[in-house]
**Student:** 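Below is a structure I'd like to ask you about.
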Amino acid sequence: MLLRNRFLLLLALAGLLAFLSLSLQFFSRWLPVSLQLKTEMQVFPEFPVRLIPADQVRGEGLSAKNRKRIMPEPLTEPPALDPLYEANLYCNTPGAKEKSMEGHAPPNLKLLSVQVIIRHGDRYPLYAIPKTKRPDIDCVLEPTRKPSHPHLTDFISHMSRGVEAQMEGTLSSLPRLPNHILCEMGELTQTGVVQHLRNGQLLKEIYLKKHRLLPSAWTAKHLYFESTGKSRTLQSGLALLYSFLPNFDWKKINIKHQWSTIFCSNHCDCPMRNHFLEEEQRRQYSLRVKNNLLEKTYINMAKIVGIPTRQLRASNPIDSLLCNFCHNASFPCTKNGCIDLEHFKVIKTHQLEDEKERHEKQLYFKYALMATHPLLNQTANRMLHIAGGKREEIFALYAAHDVTLSPVLSALGLKEARFPRFAARLVFELWHDPDKASDHYVRVLYNGEDVTFQTSFCRDQQRSSRRPLCPLKKFSTFIQKEMFLSLNSTGYYDACHQRLF
């Protein structure tokens, strides 16, 4: 009898364990999903979404054109190349507070100067896809419309009173604010203004409030501001400065005009630079014609629009489509159908593949060395003068373009740096050790990330030094001599005018 009871007890325990095992398998399959969603809701209370027209999502059987589908944006960097993730980074839509490594250095060091090269903020397309409706975007600034900024109302008021502005050349004839109900081609948008108001506010917190870079009674000699002759660069620079300066005074701001997008000033005569640029353009063309999927995509899009493929390709459709994507606007449609997200992904993927090959082939790198030397040489010389005791131009700002920043990143050897997004910023900091009069150091930061030891001139410094800092001497030697070693030249003039054999 006792044995029988024990047997029944063991049988009951076995049944209970089997039930628990099945239950755990069931919950392990479904519970993590709900927990993951709950965690995302807690960690990302403003979880970003992008609206995609329902008729552009295949396989859903939906026909209403005005219905929207929600596509969550990636929260972390994907393991493989993802054109939508990269496009979202490029848009740089104002959102959560940005993390930044600017101004971080050992506590015994003193910050002497900061030089910033920015790309203008979000803009309207430079090109239009023929026979399609342009994106309906309002470029008149309206503080109650998102995205906005606490300084936007005062910024609008201050810019309208800039009668005392001191601007070189044609800059004085440019509008200080975007002002068209339907944006003009290439015009800065409200998003672009807000991006740089945020940039200026971030830099102010670090450089002025924490490090007191500018004296309280700062004057025009402490500031250097140079912009190309486009309204989007001038307005971007003004937005950044307005949020950055302790008191924006037009009388203290002299704005220099730069006619060249590569900021070569009086040193633009460089035949070899043009040669390598032409070689790079041939490489781009060769890669494009090999991409059969890209060509099929262009053919399909041309049929939708109703124009020859060559004309569509010449209109640089990615520029216009990025505007739709960044502003969450539907892609253009005609009676023949709609340009959709798949078209966009194919073109964007090719763009990313082109960037990858560009780094591998080195033609663009050689172009970049010669294209950026005048600007980088000016940057290095300003640091050397300040290190020598000169207290002028301690904050310098260059309001520029992607075609300015991209070659600078390449020339510095920053192979992992992404193509400049809207409102990208590249910062050069000069530090000094008060206990050692001759010790000066450089930090380089790209969009808030410290990339100093990714540069070609300081890549090995971290390993051989007890201090995680890059000596100013290394940067100046690189600019004055080492930049030209890969060009088999001893200087800028020789590199520009050497003969091809």
Side-chain angles (χ1 to χ4, degrees), residues 109-118 168 207 213-214 218-228 237 254-270 273 368-400 404-405 407-414 425-433 437-446 451-452 455-458 461 469-487 489-496:
L109 297 188
K110 178 178 176 55
L111 181 65
L112 294 185
S113 79
V114 173
Q115 301 182 61
V116 186
I117 307 173
I118 60 169
E168 280 186 356
Y207 295 134
L213 177 66
L214 291 178
W218 68 277
T219 64
K221 73 175 186 178
H222 295 115
L223 183 68
Y224 183 89
F225 178 21
E226 187 171 355
S227 172
T228 63
N254 300 320
I255 308 176
K256 297 185 178 297
H257 174 233
Q258 175 56 243
W259 67 272
S260 166
T261 56
I262 57 173
F263 285 70
C264 54
S265 301
N266 298 322
H267 305 281
C268 295
D269 179 24
C270 188
R273 179 196 67 219
L369 290 174
M370 287 179 278
T372 64
H373 181 263
L375 176 56
L376 289 174
N377 191 50
Q378 185 181 30
T379 303
N381 284 336
R382 183 178 287 115
M383 287 185 178
L384 291 170
H385 289 154
I386 293 173
K390 184 179 178 182
R391 295 296 291 163
E392 296 180 2
E393 299 179 0
I394 55 180
F395 183 82
L397 175 64
Y398 297 90
T404 315
L405 263 177
V408 171
L409 297 171
S410 181
L412 293 176
L414 298 173
R425 65 183 187 275
L426 180 67
V427 177
F428 296 87
E429 297 176 349
L430 176 64
W431 296 81
H432 170 54
D433 186 345
S438 61
D439 285 8
H440 292 85
Y441 304 97
V442 174
R443 292 181 77 231
V444 184
L445 302 105
Y446 183 49
V451 294
T452 308
T455 62
S456 54
F457 60 88
C458 245
Q461 174 66 19
L469 296 163
C470 184
L472 172 60
K473 182 67 175 176
K474 277 187 168 288
F475 180 55
S476 62
T477 301
F478 170 75
I479 300 300
Q480 295 165 0
K481 298 178 181 178
E482 294 173 0
M483 281 184 76
F484 308 106
L485 294 179
S486 60
L487 299 171
S489 299
T490 56
Y492 179 66
Y493 183 86
D494 290 340
C496 285

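Worth saying up front: this structure is predicted, and the values here are computed from it rather than measured. For the single chain, residues carry numbers from 1 onward in sequence order.
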**Student:** Which atom names give the shortest non-hydrogen contact between S456 and A411, and what distance separates them?
**Tutor:**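 In this case the closest contact between S456 and A411 is OG-O, 4.3 Å.
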
**Student:** Could you walk me through whether I262 and L375 satisfy the side-chain contact (heavy atoms from CB on, under 4.5 Å) test, starting with their C-alpha distance in whole Å, then the side-chain angles of each, then the deciding distance to 0.1 Å, before giving a yes or no?
**Tutor:** CA-CA 8 Å; I262 57 173; L375 176 56; over 6 Å; no

**Student:** Keeping to residues at least two apart or across chains, list the salt bridge (Lys or Arg N to Asp or Glu O under 4.0 Å) pairs with something in residues 381-394.
**Tutor:**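 Of all non-adjacent pairs touching residues 381-394, those that pass salt bridge (Lys or Arg N to Asp or Glu O under 4.0 Å) are R382-E393, K390-E392.
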
**Student:** Any sub-3.5 Å donor-acceptor pair from H385's side-chain atoms to N381's backbone N or O?
**Tutor:**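 Such a contact is found between H385 side chain and N381 backbone.
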
**Student:** Distance check, rounded to the nearest 0.5 Å: W431 atom CH2 versus L112 atom CG?
**Tutor:**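 One finds 9.0 Å between CH2 of W431 and CG of L112.
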
**Student:** Can you give me the closest heavy-atom contact between L109 and L469, atom names plus distance?
**Tutor:**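 Nearest heavy atoms, L109 then L469: CD1-CD1, 3.4 Å.
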
**Student:** Does the side-chain contact (heavy atoms from CB on, under 4.5 Å) test come out yes or no for M483 and Y492, once each step is laid out?
**Tutor:** CA-CA 9 Å; M483 281 184 76; Y492 179 66; over 6 Å; no

**Student:** Between N377 and I479, what is the shortest heavy-atom contact and its length?
**Tutor:**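 Scanning both residues completely, I find the closest heavy atoms to be CA-CG2, 3.6 Å.
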
**Student:** In Å and rounded to the nearest 0.5 Å, what is the CG to CG distance from L430 to L111?
**Tutor:**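 Taking CG in L430 and CG in L111, the distance rounds to 7.5 Å.
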
**Student:** Considering all heavy atoms of both residues, which atom of I386 and which atom of S113 are nearest to each other, and what is their separation?
**Tutor:**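 For I386 versus S113, the nearest heavy atoms are CD1-CB, 3.4 Å.
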
**Student:** Using the ring of each side chain (for Trp, its six-membered ring), is F457 parallel, tilted or perpendicular to F478, with breaks at 30° and 60°?
**Tutor:**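 Taking F478 first and then F457, their aromatic rings sit tilted (interplane angle of 30° to 60°).
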
**Student:** Could you tell me the separation between the CG atom of L384 and the OG atom of S476, rounded to the nearest 0.5 Å?
**Tutor:**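 So the CG of L384 and the OG of S476 are separated by 5.0 Å.
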
**Student:** Measuring from atom CD of Q461 to atom OH of Y441, what distance do you get when rounded to the nearest 0.5 angstrom?
**Tutor:**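 Those atoms lie 9.0 Å apart.
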
**Student:** Look only at the side chain of E168 and the backbone of K256, and say whether a donor-acceptor pair between them is shorter than 3.5 Å.
**Tutor:**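 Looks like no, no N/O pair under 3.5 Å.
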
**Student:** Evaluate the side-chain proximity of H373 to F484: yes if any heavy-atom separation is below 4.5 Å, no if none is.
**Tutor:**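 Yes, their side chains come closer than 4.5 Å.
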
**Student:** To the nearest 0.5 angstrom, please state how far the OG atom of S410 sits from the CG atom of L369.
**Tutor:**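 Interatomic distance, S410 OG to L369 CG, rounded to 0.5 Å: 7.0 Å.
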
**Student:** Say whether Y207 and E429, considering side chains only, have a donor N or O and an acceptor N or O under 3.5 Å apart.
**Tutor:**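 Yes, because at least one side-chain N or O of Y207 sits under 3.5 Å from a partner of the opposite role on E429.
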
**Student:** For T477 and K474, indicate whether the former's side chain and the latter's backbone hold a donor-acceptor pair under 3.5 Å.
**Tutor:**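 Flag not set: sc T477 to bb K474 has no pair under 3.5 Å.
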
**Student:** Could you give me the CA-CA distance, side-chain angles and deciding distance for L412 and L376, then say whether side-chain contact (heavy atoms from CB on, under 4.5 Å) is met?
**Tutor:** CA-CA 9 Å; L412 293 176; L376 289 174; 4.2 Å; yes

**Student:** Any side-chain to backbone donor/acceptor pair from T455 onto V451? Under 3.5 Å, distance only.
**Tutor:**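 No, T455 side chain to V451 backbone: no donor-acceptor pair under 3.5 Å.
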
**Student:** Excluding sequence neighbours, so at least two apart, what forms side chain to side chain contact (heavy atoms under 4.5 Å, CB included) with H222?
**Tutor:**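 Residues passing side chain to side chain contact (heavy atoms under 4.5 Å, CB included) with H222: L214, P215, W218, T219, I394.
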
**Student:** Which atom names give the shortest non-hydrogen contact between S265 and E226, and what distance separates them?
**Tutor:**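 What the structure gives for the nearest pair is OG-OE2, 4.4 Å.
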
**Student:** For the residue pair Q258 and C264, what are the closest heavy atoms and their distance?
**Tutor:**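 Smallest interatomic distance, heavy atoms only, reads OE1-N, 4.1 Å.
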
**Student:** Strictly distance-based, threshold 3.5 Å: is any side-chain N or O of R273 a donor or acceptor partner for the main-chain N or O of A495?
**Tutor:**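 Here the side-chain-to-backbone pair does not exist.
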
**Student:** If you measure from NZ on K481 to OG1 on T490, what distance do you get to the nearest 0.5 Å?
**Tutor:**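 Between atom NZ of K481 and atom OG1 of T490 there are 10.5 Å.
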
**Student:** Hey, is the main chain of D439 close enough, under 3.5 Å, to the side chain of H432 for a donor-acceptor pair?
**Tutor:**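 Checking the backbone N and O of D439 against the side chain of H432, a donor-acceptor pair under 3.5 Å is found.
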
**Student:** Mind running side-chain contact (heavy atoms from CB on, under 4.5 Å) on C470 and R443 for me, showing each step along the way?
**Tutor:** CA-CA 7 Å; C470 184; R443 292 181 77 231; over 6 Å; no

**Student:** Under 2.5 Å between the sulfurs of C496 and C270, yes or no?
**Tutor:**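 Yes.
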
**Student:** Taking T404's backbone N and O only, do any of them form a donor-acceptor pair with Y398's side chain (distance below 3.5 Å, no angle check)?
**Tutor:**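 A pair under 3.5 Å: no.
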
